[in-house]
Asker: 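Okay, here's the structure, questions in a sec.
Residue numbering restarts at 1 for every chain, and letters A, B, ... go by the order of the sequence lines.
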There are 2 protein chains.
Amino acid sequence: MTAMAPARSAPDLSYLLDHTSHVLRTRMAAALAEIGLTARMHCVLVHALEEERTQIQLAELGDMDKTTMVVTVDALEKAGLAERRPSSTDRRARIIAITEKGAEVAKQSQAIVDGVHQAALDALPKDEAEVLLRAMNRLVTEHLATPAEAPQGVRRARQKS
Amino acid sequence: MTAMAPARSAPDLSYLLDHTSHVLRTRMAAALAEIGLTARMHCVLVHALEEERTQIQLAELGDMDKTTMVVTVDALEKAGLAERRPSSTDRRARIIAITEKGAEVAKQSQAIVDGVHQAALDALPKDEAEVLLRAMNRLVTEHLATPAEAPQGVRRARQKS
DNA sequence: TATTGTTATACTCTATAACTATA
DNA sequence: TATAGTTATAGAGTATAACAATA
C-alpha cells in the first residue's frame with residue numbers, strides 16, 4: 001500500500017519505510033534463495049553458531065514463534081545444515097548444533113546479507129548513508145522502539161472441535 | 001524477524017527498515033482505528049477525493065489487487081463515506097464518489113496520518129530528519145525502486161473443483 | 001477479444017490450542 | 001505447577017479463477 005500523504009502534508013514516512021523495507025526484503029530473499037536459504041534459516045544459522053542455544057532461545061533472538069522455529073529447524077536439518085541435540089542440562093530442551101556444512105553455508109549467507117546491505121548503502125552519498133544509519137538507529141531505540149497494540153485485529157481463541 | 005547481521009558485518013539495514021516500518025504501521029493502524037478507518041480506507045478516501053476515479057484506478061494508486069479494492073470500497077460504503085456511481089463514459093466502471101461525511105473523515109484521517117509521521121520526524125534532530133528523508137527518497141527512486149522477483153514462492157494455479 | 005467489477009475460494013503465513021515429556 | 005518442543009489447525013490476509021456485463 002502506498003501514498004498516505006498528498007500535497008501539503010508531512011512527508012510520507014510510511015511509504016518510504018514500507019517500500020524500502022519491502023524491496024530490500026525481496027532482494028534478500030532472492031539472494032539467499034540462490035543458496036537454498038530463507039532469511040529465517042540464515043538468522044537461526046548465525047545465532048546458533050555464536051553459542052549453544054536452544055530452540056526457544058533462538059526463537060526469541062529471531063523474534064519468531066516457537067512453532068515457526070520448529071519448521072525452520074526442520075528445514076535446516078533436512079538440508080543437513082543443523083542438528084537437534086539433547087541438552088545436557090535440560091532433557092526437555094534441544095540444542096541446535098550447526099554442522100560443518102552449516103557453518104560453511106552461514107559464512108556464505110552472511111556475505112550475501114552484507115553484500116545486499118552494503119549495496120544499498122553504497123547507493124547513497126557517504127554522508128547521507130552515515131546520517132541515515134544514525135537516524136534509523138535512533139528511531140529504533142527511541143520513538144519507534146515498541147509497536148502499538150493491535151486495534152481490532154484481536155486473534156480469537158480457536159473453537160473447540 | 002530480526003538481526004541479519006552479527007558483529008563485523010555491514011549495518012543491519014534490514015532490521016532497521018523492517019522494525020521501523022512495522023512499528024510505524026501499528027501506530028498508524030491504531031490511530032486510524034480510532035475513527036473507524038484502516039490505512040487502505042484512508043488511502044482510497046484521499047485519492048478518490050482528488051478527482052473522479054474508478055475502482056481500478058484507485059487500486060493501482062494504492063497498489064492493491066482489484067479484489068482487495070472491492071472489500072475496501074464495501075467498507076467505505078457501509079460506513080457511509082463513499083458511494084459507487086456508474087461512470088458516464090464506461091458502463092462497466094464505477095466511479096467512487098466520496099460523501100460529505102467521507103470528505104470530513106478524510107480531513108481528520110489526513111491529520112492523523114500527518115501527526116503520526118510528524119511525531120516520528122520530530123523525535124530526530126532536525127538535520128538528521130532532513131537527511132533521513134533525502135536518503136530514503138533517493139533509495140525509493142533509485143537503488144530500492146523495484147522489488148526483486150519472488151524466488152520460489154510462485155503461487156500455483158488453484159485446482160478446479 | 002479484452003476489461004471492469006464481483007463472487008467464491010484456495011493458498012500462505014502465522015498464532016493458538018492441546019499434547020508429551022520433562023522440570 | 002510451569003516450560004520445551006511438537007502437532008494440528010484456525011484465522012487473517014490476499015491472490016487466483018471464473019463469471020457477467022460491457023467495451
Side-chain angles (χ1 to χ4, degrees), chain A residues 1 18 22 25-26 29 38-41 43-44 48 52-78 82-97 147 150-161, chain B residues 1-2 18 22 25-26 29 33 38-41 43-44 48 52-78 82-97 147 150-161:
Chain A
M1 233 261 308
D18 285 353
H22 171 244
R25 185 195 300 270
T26 64
T38 61
R40 269 196 243 280
M41 287 164 80
C43 181
V44 170
E52 290 217 339
R53 284 181 168 135
T54 65
Q55 287 190 204
I56 291 251
Q57 290 171 329
L58 291 167
E60 270 160 22
L61 281 168
D63 194 33
M64 323 175 198
D65 194 86
K66 63 181 180 171
T67 59
T68 307
M69 194 65 210
V70 170
V71 300
T72 306
V73 174
D74 284 351
L76 288 172
E77 257 192 341
K78 203 174 147 189
E83 289 170 12
R84 288 172 165 97
R85 293 198 190 143
S87 161
S88 51
T89 60
D90 184 339
R91 284 196 288 171
R92 293 169 306 181
R94 318 293 191 86
I95 301 294
I96 303 309
Q152 81 287 19
V154 187
R155 183 77 57 112
R156 278 156 283 332
R158 84 161 162 151
Q159 309 298 45
K160 268 211 181 160
S161 60
Chain B
M1 232 261 310
T2 58
D18 286 353
H22 172 244
R25 187 194 299 269
T26 64
T38 62
R40 269 195 245 279
M41 286 164 80
C43 180
V44 170
E52 290 217 340
R53 281 178 169 138
T54 66
Q55 289 191 202
I56 289 251
Q57 289 171 329
L58 290 167
E60 269 161 22
L61 280 168
D63 196 32
M64 327 175 196
D65 195 87
K66 62 179 180 171
T67 60
T68 306
M69 194 63 208
V70 170
V71 299
T72 305
V73 173
D74 284 351
L76 288 172
E77 257 193 341
K78 203 174 145 188
E83 289 171 11
R84 289 172 164 96
R85 295 201 188 142
S87 161
S88 52
T89 60
D90 184 339
R91 282 196 292 172
R92 292 170 306 180
R94 318 294 191 86
I95 301 295
I96 303 308
Q152 82 287 18
V154 188
R155 184 77 57 110
R156 279 155 285 334
R158 83 162 162 151
Q159 311 296 45
K160 267 210 182 164
S161 60

Asker: If we only count heavy atoms from C-beta on, is the Val44(B) to Met69(B) side-chain gap below 4.5 Å?
Answerer: yes
Asker: Return no unless some side-chain N or O of Arg91(A) is found under 4.0 Å from OP1 or OP2 of dA23(C).
Answerer: yes
Asker: What's the closest nucleotide to the side chain of Thr54(B) if the choices are dT16(C), dG5(C), dT7(C)?
Answerer: dG5(C)
Asker: Looking at dA4(D), dT7(D), dT22(D), which one has an atom nearest to any side-chain atom of Asp90(B)?
Answerer: dT22(D)
Asker: Given dT4(C), dT6(C), dG5(D), which nucleotide is nearest the side-chain atoms of Arg94(A)?
Answerer: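 When the side chain of Arg94(A) is considered, dG5(D) is the closest of dT4(C), dT6(C), dG5(D).
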Asker: Record whether the side chain of Arg92(A) comes under 3.5 Å of the base of dT3(D) through a donor-acceptor pair of N or O atoms.
Answerer: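 For Arg92(A), whose side chain was compared with the base of dT3(D), there is a donor-acceptor pair (under 3.5 Å).
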Asker: Starting at atom CG of Asp65(A), determine the distance to atom P of dT9(D), rounded to an integer number of angstrom.
Answerer: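 Answer to the nearest Å: 18 Å.
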Asker: Check this for me, if you would: do Asp74(B) and Arg84(B) make a salt bridge, where the nitrogen-to-carboxylate-oxygen distance has to be below 4.0 angstrom?
Answerer: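 Salt bridge between Asp74(B) and Arg84(B), a charged N being under 4.0 Å from a carboxylate O: yes.
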Asker: Under 4.0 Å: is that the gap between some side-chain N or O of Gln55(B) and OP1 or OP2 of dT6(C)?
Answerer: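 Yes, because at least one side-chain N or O of Gln55(B) sits under 4.0 Å from OP1 or OP2 of dT6(C).
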Asker: What is the separation between atom CD1 on Ile56(B) and atom P on dT22(D), rounded to the nearest whole Å?
Answerer: 17 Å
Asker: In whole angstrom, what separates Arg84(B)'s CZ from dT7(C)'s C1'?
Answerer: 12 Å
Asker: Could you tell me how far apart Glu60(B) (CD) and dG5(C) (P) are, to the nearest whole angstrom?
Answerer: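 Glu60(B) atom CD is separated from dG5(C) atom P by 10 Å.
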Asker: Establish, with yes or no, whether the OP1 or OP2 oxygen of dT14(D) is under 4.0 angstrom from a side-chain nitrogen or oxygen of Arg40(B).
Answerer: yes
Asker: Quick check: on DNA chain D, is the nucleotide nearest Lys66(B) upstream (toward 5') of the one nearest Val70(A), or the reverse? Name the residue that is more 5'.
Answerer: Val70(A)
